[in-house]
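Remarks on the structure that follows.
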Number of protein chains: 2
Amino acid sequence: MLKISELAAKTGLSTHTIRFYEKHGLINASERSEAGYRYYDDVDIRRAQFVKTARNIGFSLDDISQLLSIRVDKTSHSCQEVTDITQYKLDEVNARLVELQSMQNTLEILLESCCGGPENATHCSIMDALEAGDVKSTRSAA
Amino acid sequence: MLKISELAAKTGLSTHTIRFYEKHGLINASERSEAGYRYYDDVDIRRAQFVKTARNIGFSLDDISQLLSIRVDKTSHSCQEVTDITQYKLDEVNARLVELQSMQNTLEILLESCCGGPENATHCSIMDALEAGDVKSTRSAA
DNA sequence: TATAAGCTTAGAGTTAGCTCTAAGGTCAAC
DNA sequence: GTTGACCTTAGAGCTAACTCTAAGCTTATA
């Protein structure tokens, strides 16, 4: 049985984050001491590590909630439910990649167009492009 | 001279956002009617469009503040200042791209590993991988 | 002249995921 | 027995960029 700081050390989460995840139903201490100290058993620890792993991949806390509810009763859930969550996440990531690549492209073009030197910015071609608005729109959402 | 809703129509910003930008010093109505209505002249309009363009590219409001302070007095600022801001943004974008590409890669591998069928999730290889933690860590920040 | 559309302000709410604080109780070591 | 590290809670604060609300003027149209 680990105390919260030990679980923190083991998972790389902070104690604050562990309590925060508990508040949101992601992890849980299956025991408490008389004084109220949280104690985590092996099942708790594996669950916390699962959350950390999923978080590292980029799943949101909501995604992870869904994955966890599958995890606690795998026989009642299908592989398809799991792939649906994963595919949805991949779609999100791909959409954001498209946006960022467009931003990257625009910024690179701007940088190539400007001397970047100590001359004053009166004829700066980056400023000119921003003035003229002749740059691709890359953002659909932040 | 445009009223706020007309500026909104012209720039694609909402009236809420225009007031919000004003509160943050990005744009400004150079005149007010007796009743307090905002009126925007050509200079105001061009500034608002500059902000919108920069925002579309992905610059933050803080970045845009800096660009605007260069814009109002170009002779006191160098091209290098402009390229510095742009390069910094590009570095940010590139860093995020690396993260997202790693996420994309991990998610694709997970999806390939799983049948995605109606079978129950007892032997789901995505769940197994998340359990085992044998996936790359892709996140340094959200 | 009445109604509706549009404008004003200050300020609260939203999203996601933490991060920190205050005030106090617990525990192990010296 | 006292220091100091660690634990508890509720709740506030943070970031970024909006987004919305309420309460009340103003203006244009019919």
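Lettering of chains follows the sequences in order, A, B, ..., and the numbering in each one begins at 1. Every heavy atom of this structure was used, including side-chain atoms; hydrogens, water molecules and symmetry mates were not. Bear in mind the structure is a predicted one, so any value in this text is a computation, not a measurement.
- To the nearest angstrom, P of D:dA17 lies 15 Å from CD1 of B:Ile27.
- Applying the under-4.5 Å side-chain rule to Ile, Leu, Val, Met, Phe, Trp and Tyr, the cluster around A:Val43 consists of that residue alone.
- One interatomic measurement links the two molecules: CD1 of A:Ile57 to P of C:dG17, which rounds to 15 Å at whole-angstrom precision.
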- Task: For side-chain contact (heavy atoms from CB on, under 4.5 Å), just list the numbers for A:Thr11 and A:Tyr40, CA-CA rounded to whole Å, side-chain angles, deciding distance to a tenth of an Å, and then say yes or no.
- Result: CA-CA 12 Å; A:Thr11 56; A:Tyr40 299 91; over 6 Å; no

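- The distance from atom CG of A:Leu26 to atom P of C:dG17 is 10 Å, rounded to the nearest whole Å.
- Checking the phosphate oxygens (OP1, OP2) of C:dG17, no side-chain nitrogen or oxygen of A:Tyr21 falls inside 4.0 Å.
- As rounded to whole Å, 17 Å separates atom P of C:dC7 from atom CD of B:Glu31.
- Between the NE2 atom of B:His16 and the C1' atom of D:dT21 there is a distance of 8 Å, rounded to whole Å.
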- Task: Sugar-phosphate means primed atoms, P, OP1 and OP2; the rest is base. With that split, encode nucleotides 4-11 of chain D 5' to 3' as B, S or - using protein heavy atoms under 4.0 Å.
- Result: --BSBB--

- Stepwise side-chain hydrogen bond (donor to acceptor under 3.5 Å, both in side chains) test for A:Gln87 and A:Asp91: CA-CA 6 Å; A:Gln87 183 66 55; A:Asp91 291 346; 3.0 Å; yes

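- With respect to the salt-bridge test (charged N to carboxylate O, under 4.0 angstrom), the residues A:Arg96 and A:Glu99 qualify.
- In this structure, CD of A:Glu92 is placed 13 Å from C1' of C:dT15, rounded to the nearest angstrom.
- Salt bridge annotation for B:Lys89-B:Glu92: present, with a cationic side-chain nitrogen under 4.0 angstrom from a carboxylate oxygen.
- Remark: P of D:dA16 and CZ of B:Arg55 are 11 Å apart, rounded to the nearest angstrom.
- With respect to the salt-bridge test (charged N to carboxylate O, under 4.0 angstrom), the residues B:Arg19 and B:Glu22 do not qualify.
- For the pair A:Phe20 CZ and C:dT21 C1', the interatomic distance rounds to 17 Å; values are reported in whole Å.
- Using a 4.0 Å heavy-atom distance criterion, A:Ser33 is classed as making no nucleic acid contact.
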